[in-house]
Amino acid sequence: MTPHHAVEITLTRPATPGELRHARGGVPLAANADRTRLMAVHGARSPGGVLHTLRHRLDALLPIDVLSTHYPDQHGQILLNVALSHTADRALRRDAAVVGQRPEDLLRRRVTAALTREEQERARRLENRLKSLLAHHTPDEVLACVVGLRYGRQHRPTRTAP
């Protein structure tokens, strides 16, 4: 029996109802509310194989930007399938040749580095915002507010007399 893999499809623009109808003729798809992200569960021997198959089947039917596995593999990696323009592909191949790497390895390193930078930047911004909040509010007030927001209720702590 062929294993099935969950795939997320990110589109460059919202799919029209007609595009979705045609695409669903060959592959069962679930769309988000604004039709810019789709999910598919499809059979293939490997996660990479399912990305390749879905790209081949759907590329002419939908404005696909990126295909990605929805769940990490055994190494904790999410696989991506990105169609590069001819210019970007040439540049990537040239840069890979300069450093003696395969283009896909160089792209993997670049994407990983960009994601790491983004994660560090987000953590830095959060830390700065928390420092700003803690300059005006007690840690208990900030924590109570976070809990209230997280669980959908507005919790306003009562002040106690000093």
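Treat the numbers as computed from the prediction; the structure is a model and nothing was measured. Start at 1 with the first residue, then count along the sequence. Just the heavy atoms: all of them, side chains too, but no hydrogens, waters or symmetry mates, feed the values below.
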**Q.** Co-membership, hydrophobic cluster, residues V111 and L92, 4.5 Å side-chain
**A.**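 The answer is yes; both residues are in one hydrophobic cluster.
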
Q.
Tell me the closest heavy-atom pair linking L29 and A40, and the distance in Å.
A.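 Taking every non-hydrogen atom into account, CD2-CB, 3.7 Å.
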
**Q.** Minimum heavy-atom distance between H42 and R57, given as atom pair plus value
**A.**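 Minimum heavy-atom separation between H42 and R57: CE1-NH1, 3.2 Å.
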
Q: Show the numbers, then the answer: is there a salt bridge (Lys or Arg N to Asp or Glu O under 4.0 Å) between D65 and R13?
A: CA-CA 9 Å; D65 188 18; R13 62 168 172 75; over 6 Å; no

Is a side-chain donor or acceptor of [X] paired with a backbone partner of [Y] at a separation under 3.5 angstrom?
| X | Y | result |
| --- | --- | --- |
| R35 | A15 | yes |
| S132 | N128 | no |
| D89 | L84 | no |
| T12 | P63 | yes |
| H5 | A44 | yes |

Atom [atom1] of [X] and atom [atom2] of [Y]: how far apart are they, to the nearest 0.5 Å?
| X | Y | atom1 | atom2 | answer |
| --- | --- | --- | --- | --- |
| L107 | Q101 | CG | CD | 11.0 Å |
| Q120 | R122 | CD | CZ | 13.0 Å |
| L133 | R129 | CG | CZ | 9.5 Å |
| L54 | D59 | CG | CG | 11.0 Å |

Atom [atom1] of residue position [X] - does it have more than 12 heavy atoms of other residues, nucleotides or ligands inside 6.0 Å?
| X | atom1 | result |
| --- | --- | --- |
| R24 | CZ | yes |
| R125 | CZ | yes |
| E121 | CD | yes |
| H22 | NE2 | no |

Q | E127 and R124 ion-paired at < 4.0 Å | A |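 No, this pair does not count.
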
Q) Is E104 salt-bridged to R109, cutoff N-O under 4.0 Å? A)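 Looking at R109 together with E104, the answer is no, because their closest N to O distance does not fall below 4.0 Å.
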
Q: Classify the side-chain pair R55/N81 by whether it contains a donor and acceptor separated by less than 3.5 Å.
A: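 Yes - a donor-acceptor pair under 3.5 Å links their side chains.
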
**Q.** Check: T138/D140 side-chain N/O donor and acceptor closer than 3.5 Å
**A.**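 Absent: no donor and acceptor within the cut-off.
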
Q | Identified side chain to side chain contact (heavy atoms under 4.5 Å, CB included) counterpart of V66 within the set L11, L80, L51 | A |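 Answer after filtering L11, L80, L51: L80.
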
(Q) Checking side chain to side chain contact (heavy atoms under 4.5 Å, CB included) between L58 and each of V7, L38, I9, L67, which is the one that passes? (A)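 With L58 as partner, V7, L38, I9, L67 yield a single side chain to side chain contact (heavy atoms under 4.5 Å, CB included), made by I9.
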
Would you mind reporting whether [Y] and [X] have side-chain heavy atoms less than 4.5 Å apart?
| X | Y | answer |
| --- | --- | --- |
| R45 | V50 | no |
| R93 | P103 | yes |
| R150 | V147 | no |
| P47 | T69 | yes |

Q: Show your working on side chain to side chain contact (heavy atoms under 4.5 Å, CB included) between T36 and T10 and close with a plain yes or no.
A: CA-CA 6 Å; T36 57; T10 305; over 6 Å; no

Q: Could you check R110 against D95 for side chain to side chain contact (heavy atoms under 4.5 Å, CB included), going step by step and ending with a plain yes or no?
A: CA-CA 11 Å; R110 287 179 174 178; D95 293 351; 2.9 Å; yes

